[in-house]
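Beneath this line is the structure, given in structure tokens, with notes to follow.
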Number of protein chains: 2
Amino acid sequence: MSRTAPRGPYKPGRIRQKSEQRILSAATAAFAQHGFTGASMQSIADAASVPKANVHYYFKNKLGVYTAVLENILGLWDTVLNDLTINDDPAIALCRYIDAKIDFSRTHPEESRVFAKEMLSGAPHLQEFLEADYGQWLDARLTIFRAWIDAGKMDAIDPAHLLFMIWGSTQHYADFAPQVKQSLHAEILQQAHFDAAAKTVKQVILKGCGLAIASP
Amino acid sequence: MSRTAPRGPYKPGRIRQKSEQRILSAATAAFAQHGFTGASMQSIADAASVPKANVHYYFKNKLGVYTAVLENILGLWDTVLNDLTINDDPAIALCRYIDAKIDFSRTHPEESRVFAKEMLSGAPHLQEFLEADYGQWLDARLTIFRAWIDAGKMDAIDPAHLLFMIWGSTQHYADFAPQVKQSLHAEILQQAHFDAAAKTVKQVILKGCGLAIASP
DNA sequence: GTCTATATTCTGATAGAC
DNA sequence: GTCTATCAGAATATAGAC
């Protein structure tokens, strides 16, 4: 009864893709909790249900796994970084952005933590990214903020520091989850907690910028 | 010419105290950059200029060093957590608190990073702290905020989430320093950068809470 | 492509001389 | 109290059978 013939339409690399995805997912969780050195290849392989040697076969070495995880996270970021324009209403644009950031902390907490740990370590593997893609994205946003301010659409607030406030406030719910849980007396953070978080952040940021809440 | 006699008034434990301090300082930097597993006892000993065996002599094992670092950080926190009272003016109290938090990020970035990494790892060594000291401190603050709101001194804003905003915004300058440096085109963060940060955070938070800036 | 067995290096920890 | 020498264990990585 044992059959070695391929079942279903065979696509080369299908197993590979599936295995790589499982390894990537397991590695993200491991790096988030234990850090780069603390996460062992054995634990990653076990969590992904593949032999340890296969992890080396797919990603060459530990650094290969880690950079793959980081690149995957940077890819996810692109989906969050919506493209604002000068013609957008600042209140609506900021609300959308804050909502998206809070939602990212809810749906991808482990990715947020890996990114945060890399930053805390001095971001040695994100230098190119920070100097290239990120620098461009940031400068474009700062220009839009300044245009809004010059047009009198919002208060004169340092755009870079304002962005830091939004990032820090929203990422806090993924990165400092133990403290947040303890503060809210919650075993795990529910949708309602993130809704309350988004509401408060939007409320304070918008009014703090001299903007009216767009829609409740 | 070699002398083995003690020079100066001999105090038992003087060398010990000095060595422990050096080890603690070196360990803080190592844990901040490389995490618990990534920081080796050898590197800590080298940075502290003591033989590796002495680190074990003073702190028993690696976990002993780490918990000593954490306890030292929690001690530093106490100095930042000023005691607000219901009779304080919310604007002045919040300004003081934000200034103190930003100053902590400037003067103790590595301590902030060790604390952040512990949080990102799930805070396994901070459970008692979170449930005891921190819980009490937080509940007292929340009560004060609610009293301010009930007295009409500030807008009705969820106090816990407001505190998260302040923490996230201020700690960001220590924890995400690489990103901040890149954004501000600064090789290292100067006093002026932190002044601008504090100004923006106070500006947005206070106005966002319906408060007038206390003093420029 | 998959997996077992092994080589090599490094780390935490300690024994024991001084 | 201080430090050198060393041990036991674990981790990354690879060789090679299947």
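It should be emphasised that the depicted structure is a prediction, and the values quoted were computed from it without experimental measurement. Below, chains carry the letters A, B, ... as their sequence lines are ordered, and counting in each starts from 1.
- In this structure, L162(A) and M154(A) have side chains that are in contact, with non-hydrogen atoms separated by less than 4.5 Å.
- The distance from atom CZ of F36(A) to atom P of dA11(D) is 14 Å, rounded to the nearest whole Å.
- A donor-acceptor contact closer than 3.5 angstrom is absent between the side chains of N54(A) and S19(A).
- Remark: Y57(A), Y58(A) in residues 56-68 of chain A come within less than 4.0 Å of DNA chain C through at least one heavy atom.
- The two residues E111(A) and I73(A) make their nearest non-hydrogen contact at O-CD1, 3.5 Å.
- One atom, NZ of K18(B), and another, C1' of dG1(D), lie 17 Å apart when rounded to the nearest Å.
- Of all nucleotides listed (dG12(C), dA15(C), dG1(D)), dA15(C) comes nearest to the side chain of A53(B).
- With no hydrogens or angles considered, no side-chain donor-acceptor pair links T28(B) and S25(B) at under 3.5 Å.
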**Request:** Starting from the C-alpha separation in whole Å, work towards a yes-or-no answer on ring-ring contact (aromatic ring centres under 6.0 Å, His included) for H108(A) and F115(A).
**Result:** CA-CA 11 Å; H108(A) 298 86; F115(A) 185 82; over 10 Å; no
**Request:** With salt bridge (Lys or Arg N to Asp or Glu O under 4.0 Å) as the test, would you mind laying out the steps for D46(A) and K52(A) before giving the verdict?
**Result:** CA-CA 8 Å; D46(A) 291 348; K52(A) 186 178 62 157; over 6 Å; no
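- Among the nucleotides dT2(C), dA13(C), dC3(D), the one closest to the side chain of M41(B) is dA13(C).
- One interatomic measurement links the two molecules: NZ of K52(A) to P of dA13(D), which rounds to 10 Å at whole-angstrom precision.
- Remark: the Y97(A) side chain and the T170(A) side chain contain no N/O donor-acceptor pair separated by less than 3.5 Å.
- Non-hydrogen atoms lying under 4.0 Å from DNA chain C are contributed by P51(A), all within residues 44-51 of chain A.
- Closest approach of A47(B) to A26(B), counting heavy atoms only: CB-CB, 3.7 Å.
- The side-chain tip of K117(B) does not point at the ring of F31(B) from less than 6.0 angstrom away and within 45° of straight on.
- One interatomic measurement links the two molecules: CZ of R16(A) to P of dG1(C), which rounds to 5 Å at whole-angstrom precision.
- Formation of a donor-acceptor pair under 3.5 Å by the E118(B) side chain with backbone atoms of H125(B) is found in this model.
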Polar-atom pairs under 3.5 Å, protein N or O versus N or O of nucleotides 16-18 of chain D: list them with distances, or write none.
none

**Message:** Evaluate Y173(A) against H161(B) for ring-ring contact (aromatic ring centres under 6.0 Å, His included), listing each step before the verdict.
**Reply:** CA-CA 10 Å; Y173(A) 291 88; H161(B) 291 289; 5.6 Å; yes
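- dC3(C) atom P lies 13 Å from atom CD of Q42(A), rounded to whole Å.
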